[in-house]
Amino acid sequence: MEADGLFVYGTLREGGSNHPWLARTHPEGHCRAFVPGRLFQLPSEAYPALVAAPEPVAPPPGPGWVVGDFVGYEGEAELASALQDLDALEDVEGGLYARVPLPCVLDSGLHFTAWTYVFPEERLPRLEREALELPEGDWEPYLR
């Protein structure tokens, strides 16, 4: 499945420690957006974990939605190049995160599909036991 762009919700967002890494991929622009899921602050880590979930009935923002940014690129080749670079940062090969396409709703109400780095669903029980769930779905307070 292909995606229209990238959704970032943690350290890649503006103000996050890895935002310069995102900036070096030369995105065309970004805007506030939402994907369905649950967001956790990992214990002893400086980054969050998103676990994908079914799309809520109610539109965002609200319960069941994670807040972040939809990041666009000039074309498919530029997006593919950015993802190759970011996959290394997110340790996709090592299994820390998986990159999956998720439905993404922009602040304007437009719907897209966005590549999103998520924690595998099988880690959810451990996250529920050991991590802090952020019910508002926004990691922004940790950005500064």
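Scope of the values below: all heavy atoms of this structure, side chains included, with no hydrogens, waters or symmetry mates.
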Check your understanding: Closest heavy-atom contact between Cys104 and Ala33?
Key ->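 Minimum heavy-atom contact is SG-CB, 3.6 Å.
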- Query: Are side-chain heavy atoms of His19 and Thr11 found at a separation under 4.5 Å?
  - Reply: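 Heavy-atom side-chain distance check fails, nothing below 4.5 Å.
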Indicate, with yes or no, if [Y] and [X] share a hydrophobic cluster defined by side-chain heavy-atom contacts under 4.5 Å among Ile, Leu, Val, Met, Phe, Trp and Tyr.
X: Leu42; Y: Val51; value: yes
X: Val92; Y: Leu22; value: yes
X: Leu12; Y: Leu143; value: yes
X: Leu102; Y: Val105; value: no

Show your working on side chain to side chain contact (heavy atoms under 4.5 Å, CB included) between Leu96 and Glu90 and close with a plain yes or no.
CA-CA 7 Å; Leu96 179 61; Glu90 302 294 352; 5.7 Å; no
Distance, nearest 0.5 Å, that separates [atom1] of [X] from [atom2] of [Y]:
X: Tyr47; Y: Tyr142; atom1: OH; atom2: OH; result: 14.5 Å
X: Glu130; Y: Phe40; atom1: CD; atom2: CZ; result: 11.5 Å
X: Phe70; Y: Phe34; atom1: CZ; atom2: CZ; result: 14.0 Å
X: Leu50; Y: Tyr117; atom1: CG; atom2: OH; result: 13.5 Å
X: His26; Y: Ser81; atom1: NE2; atom2: OG; result: 8.5 Å
X: Leu132; Y: Leu127; atom1: CG; atom2: CG; result: 11.0 Å

Result for side-chain contact (heavy atoms from CB on, under 4.5 Å) between Val71 and one of Leu86, Thr25, Val8 points to Val8
Worksheet item: With respect to Tyr9, which candidate in Val66, Asp138, Asp69 satisfies the side-chain contact (heavy atoms from CB on, under 4.5 Å) definition?
Response: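 Testing Tyr9 for a side-chain contact (heavy atoms from CB on, under 4.5 Å) against Val66, Asp138, Asp69 leaves exactly one candidate, Val66.
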**Message:** With a 6.0 Å cut-off (strictly less than), is the heavy-atom count around CD of Glu133, excluding the residue itself, greater than 12?
**Reply:**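 Yes - once you tally the heavy atoms of other residues, nucleotides and ligands closer than 6.0 Å, there are more than 12.
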- Message: Are there over 12 heavy-atom neighbours, none belonging to Gln84, within less than 6.0 Å of that residue's CD?
- Response: no
Please report the C-alpha distance between Asn18 and Leu89 in whole Å, then the side-chain angles of each, then the deciding distance to 0.1 Å, and finally whether the side chain to side chain contact (heavy atoms under 4.5 Å, CB included) criterion is met.
CA-CA 9 Å; Asn18 287 323; Leu89 172 69; 4.0 Å; yes
Determine, stepwise, if the pair Leu39 / Trp65 fulfils side chain to side chain contact (heavy atoms under 4.5 Å, CB included). CA-CA 9 Å; Leu39 190 63; Trp65 292 101; over 6 Å; no
query = When you measure from the side chain of Gln41 to the backbone N and O of Glu45, does any donor-acceptor pair fall under 3.5 Å?
reply = yes
* When you look at Glu140 and Arg13, which way does the salt bridge (Lys or Arg N to Asp or Glu O under 4.0 Å) test go after all the steps? -> CA-CA 8 Å; Glu140 196 273 334; Arg13 287 172 73 185; over 6 Å; no
*asked:* Hydrogens and angles aside, do Tyr97 and Asp87 bring a side-chain donor and acceptor to less than 3.5 Å of each other?
replied: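 Tyr97 vs Asp87: no donor-acceptor pair found between side chains.
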*Give the intermediate values and the outcome of side chain to side chain contact (heavy atoms under 4.5 Å, CB included) for residues Asp4 and Trp115.*
CA-CA 8 Å; Asp4 304 299; Trp115 288 113; over 6 Å; no
